[in-house]
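All chains are named by letter (A, B, ...) in the order of the sequence lines, taking the proteins before the strands, and each is independently numbered beginning at 1.
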Number of protein chains: 4
Amino acid sequence: MAKKATPSTGKTPANTLTRGHKKKARTRRQLLDAALRIYAHAGVGGLALNTLAEEAGVSNGTVYNYFRSREQVLEAVGLELAVQLSEQILTVSEAVDSGAERLSIAVRTFMNKARTDPDWTRALITVVRYAEGMRSALATYLRADLQAGRRQGDFHYAHEEMAMSMVISATLGAMNLLVEDGEVEHADRIAAEMVLQALGVPRGEAGLIAGLPLPGEGG
Amino acid sequence: MAKKATPSTGKTPANTLTRGHKKKARTRRQLLDAALRIYAHAGVGGLALNTLAEEAGVSNGTVYNYFRSREQVLEAVGLELAVQLSEQILTVSEAVDSGAERLSIAVRTFMNKARTDPDWTRALITVVRYAEGMRSALATYLRADLQAGRRQGDFHYAHEEMAMSMVISATLGAMNLLVEDGEVEHADRIAAEMVLQALGVPRGEAGLIAGLPLPGEGG
Amino acid sequence: MAKKATPSTGKTPANTLTRGHKKKARTRRQLLDAALRIYAHAGVGGLALNTLAEEAGVSNGTVYNYFRSREQVLEAVGLELAVQLSEQILTVSEAVDSGAERLSIAVRTFMNKARTDPDWTRALITVVRYAEGMRSALATYLRADLQAGRRQGDFHYAHEEMAMSMVISATLGAMNLLVEDGEVEHADRIAAEMVLQALGVPRGEAGLIAGLPLPGEGG
Amino acid sequence: MAKKATPSTGKTPANTLTRGHKKKARTRRQLLDAALRIYAHAGVGGLALNTLAEEAGVSNGTVYNYFRSREQVLEAVGLELAVQLSEQILTVSEAVDSGAERLSIAVRTFMNKARTDPDWTRALITVVRYAEGMRSALATYLRADLQAGRRQGDFHYAHEEMAMSMVISATLGAMNLLVEDGEVEHADRIAAEMVLQALGVPRGEAGLIAGLPLPGEGG
DNA sequence: AATGAATGAGCGTTCATTCAT
DNA sequence: CATGAATGAACGCTCATTCAT
């Protein structure tokens, strides 16, 4: 979580990067971090490159050593968020087979992220609205869970695309509520329960699934 | 209201004031209509006042006879949409008492509107995202239905704000899917069914309610 | 010759222009005049729109009420010069039939213009170099004279395009010499004589033609 | 000369200094060649130092090891062209005494260069326009030939500066025609003939001189 | 000597806003 | 009220130049 540490994602061949490269990578990260922060508070339209540069602590011209245009900054931020998103999702529900449980875990994870990292969440909401491409990144993971849940007899939906749209927009809406209107007790479970029910899981069962302890929570 | 009582020209016939008012109202309407069209295609950021004036067939300066600033144009568009929204809702479910049915009718009405008037829909989606105030206009109607449905034993939700958020965002998400990704058979019923289920209506019952003929449809 | 008068070129239908139009036309003229002045001293590359606006006494944004882009400013200046050029040429050699005499008159007129209006001349030279299209404006007039001179047995050139290129570049070169290196006695006649000779007019005859009094000089 | 005697790596062989010098000279040449190529295609304004560095295969910072500023690059290119120019001229008309013949040879040599090396020619034209200093390099050689031709009774010009201006601009104009508008049969002789005639050489004689075989052509 | 990341002044352009007519 | 020319701040972007490595 340290802002400036994270010098290695674990996958980079150690000796590939010279010092110059390291510095370049760090500046790039500063820019992306700054962009996320601005997104969160000012939206897409509010990302002015001067502001971005200032927030990142570099001069305006420097931005163009890393991105060819404003458009590419937005793209890069979207990509960055998509990657972080994937990591969020993948790390959580690895060992779970039930589609319904996986979906519940995903929804609750995002809800909890909304509680603990409002900036990231606002940026995510902004980007999902702006870059339709982001939606497909989400959809990929989601579709697998929906289909699994249906095969396993838990989900009963009439139209897959509409089901996905429903899950995504409802979850984002709930995240937005959390971020903008403040705390709600057990918001994660409530959201998950509603989503499961929307997909045809009976009320009692939905409550049970949504109430399971999250993996890694030490339950 | 008028700062200057327009005593000016002298050769004004008796009904000038009326005419003036009519014309004034018409110009205002032209501006709002034009703004809606632009919103639909260019989003909030794309509403440039020069473009707006051109689209409305007036000169740029004229805009400032009706709105004090760009910000106020956006506000007015939001208000306008809210009013149209109210009309949409109120005209449909007047005679219905069941909260669940009313909600189903509302969702389906909006879904059908999305099919028949994509521009209006896109504008609505844009404005709802932009002007948080719009959400409360929606919420007013919605809350009554939710509470009625709960009283009547149909809805079982754990948190009213989250339930409202869920209904609004899921419906808007479904509308967006319709508008951007094209036709879906019975999209209105599917959406209504999912929303009802999310609120705790059992599967079979939700399907029944969502499948009722819409009032005024001549069924 | 007054900078700001010239309210009518004589051809504009008197009542067509409202006051607003007049003002717009005047500002446009201020911009073009300023552009010419800048061209003369700074060349094409030196025409910065901020500078242009300042020189014309308007704000930078105003430029864009008259030209869509920098490119269009340059085009407009070229066109303006071409028009002025045409007027220069047409008013002088109307009554003359001999191609050789007409050419001599043209060359000398331009040389005299170079002496009396160095700014205009520098701008012309700049524009001719930059906008190849200008060359054709010149070429149109020139070609007629060359062909007439040849028909009349005065000119003997092997290749018309090269002859035209020769006349144009030699004249512009001579104008440039005048403008940059200062006065030369009878520069106009000397230039005309050389050009005539280059086109095959014998030395004595060339001197005679180049020495004829210019029409309108009151000789 | 070197500020730091590059004592670095340790495994440098004896002739390192020579090699260093050679490399330095080679890099400088790469830069100048690249500059010429860019000049030819993009003009003076189009020479961006980043582009120059890339075209020369070095990094942008390296340019500043060879030139103090952009201005000095332009100067150096001018000088380089002047030197190459001198070589062009000097190698051709060494053994010729007649000023008229020498001038004819020079004009034709340049015309042929325009045919065989358009890039060099475009660069030359650009630089002559931009760097007035170049003109004097040309003038030096030219003046001698003009004066010789006059002494020998071939040339009859009224003003030496204007004669020089005429020769230079006419020749450059003809070269430009060749480079931009394509092939012309015997363009070199035609140009030389016109220039000679402009300087007072009678038509027949000018044709003869311009038609002489070029030295070194194996005639 | 070579590198290339960083700088920042300056440019072309847009656009909300004002105001004389 | 309507007009539309004028304004000027702000933006995206370029590029000559510097400097630590």
Side-chain angles (χ1 to χ4, degrees), chain A residues 18-21 23-24 26-28 45 47-53 57-71 73, chain B residues 2-4 6 8-9 20 23-24 27 45 47-54 58-73, chain C residues 18-28 45 47-53 57-73, chain D residues 1-6 8 20-21 23-24 27 45 47-53 58-73:
Chain A
T18 68
R19 248 169 232 150
H21 282 135
K23 184 172 187 187
K24 192 168 184 183
R26 206 182 62 215
T27 304
R28 202 189 141 87
L47 195 150
L49 295 203
N50 280 332
T51 315
L52 174 59
V58 298
S59 103
N60 62 12
T62 299
V63 177
Y64 285 85
N65 289 332
Y66 295 89
F67 307 101
R68 276 217 181 99
S69 67
R70 184 179 184 272
E71 206 65 21
V73 176
Chain B
K3 269 183 188 170
K4 296 179 181 180
T6 57
S8 51
T9 50
K23 185 173 182 190
K24 189 171 176 182
T27 305
L47 194 149
L49 293 203
N50 278 332
T51 314
L52 174 60
E54 196 182 349
V58 299
S59 101
N60 63 10
T62 299
V63 177
Y64 283 84
N65 289 327
Y66 295 89
F67 307 102
R68 272 218 183 96
S69 70
R70 184 177 183 274
E71 208 62 23
Q72 293 221 339
V73 176
Chain C
T18 68
R19 250 172 229 145
H21 282 134
K22 271 186 192 163
K23 185 172 186 188
K24 190 166 184 184
R26 206 183 61 216
T27 305
R28 203 190 140 87
L47 195 150
L49 295 203
N50 281 333
T51 317
L52 173 59
V58 298
S59 103
N60 62 10
T62 298
V63 177
Y64 285 84
N65 290 332
Y66 295 90
F67 308 102
R68 277 221 181 94
S69 67
R70 184 177 184 273
E71 206 64 20
Q72 292 222 338
V73 176
Chain D
M1 272 295 153
K3 269 182 187 170
K4 297 179 179 181
T6 58
S8 52
H21 276 154
K23 185 174 184 189
K24 188 170 177 181
T27 304
L47 195 149
L49 294 204
N50 278 331
T51 314
L52 173 61
V58 299
S59 101
N60 63 9
T62 300
V63 176
Y64 284 83
N65 290 328
Y66 294 89
F67 307 101
R68 271 217 184 98
S69 70
R70 185 177 182 273
E71 208 62 22
Q72 293 221 339
V73 176

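When the shell of 6.0 Å around CD of B:Glu54 is examined, it contains 12 or fewer heavy atoms from other residues, nucleotides or ligands.
Contact check, D:Tyr66 against E:dA2: a side-chain N or O comes under 4.0 Å of OP1 or OP2. Taking 4.0 angstrom as the limit, C:Thr27 places a side-chain polar atom (N or O) nearer than this to OP1 or OP2 of F:dA6.
Within 4.0 Å of D:Leu52, counting heavy atoms only, lies no atom of the nucleic acid at all. Within 4.0 Å of C:Val63, counting heavy atoms only, lies no atom of the nucleic acid at all.
Rounded to whole angstrom, the span from the CZ atom of A:Arg70 across to the C1' atom of F:dC11 amounts to 9 Å. Taking atom CD of residue D:Glu71 and atom C1' of nucleotide F:dT17, one finds them 14 Å apart after rounding to whole Å. In this entry the distance linking CZ of C:Arg68 with P of E:dC15 reads 14 Å, nearest Å. Atom P of nucleotide E:dA16 and atom CD of B:Gln72 are separated by 15 Å, given to the nearest angstrom.
Closest to the side chain of A:Ser59, from the set E:dT3, F:dA9, E:dG8, is E:dG8. Among the nucleotides E:dA16, E:dT7, E:dG12, the one closest to any side-chain atom of A:Asn65 is E:dT7. When distances are taken from the side chain of B:Leu49 to each of E:dT17, E:dT7, E:dT14, the shortest belongs to E:dT17. Looking at the side chain of A:Asn60, the nearest of the listed nucleotides E:dT13, E:dA9, E:dA6 is E:dA9. Listed nucleotides F:dT18, F:dG12, E:dA6 differ in distance to A:Tyr64; the shortest reach to its side chain belongs to F:dG12.
Counting heavy atoms from C-beta outward, B:Arg70 and B:Leu47 have side chains that approach closer than 4.5 Å. Residues B:Leu49 and B:Asn60 fail the side-chain proximity criterion, which asks for heavy atoms closer than 4.5 Å.
DNA chain E is contacted by both A:Gly61 and C:Thr62; A:Gly61 maps to the nucleotide lying nearer its 5′ end (nearest heavy atom per residue). The 5' end of DNA chain F is approached more closely, in terms of each residue's nearest nucleotide, by C:Val58 than by the other of A:Thr51 and C:Val58. If B:Ala48 and C:Asn50 are placed on DNA chain E by their nearest nucleotide, the residue sitting closer to the 5' end is C:Asn50.
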For DNA chain F, the expected dot-bracket line (Watson-Crick or G-U under 3.5 Å, [ ] crossing, | inter-strand) is .||||||||||||||||||||

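With sequence neighbours excluded, the residues satisfying side-chain contact (heavy atoms from CB on, under 4.5 Å) with B:Ala48 are B:Thr51.
Taking each heavy atom of C:Phe67 and C:Gln72 in turn, the nearest pair found is CD2-O, 3.9 Å.
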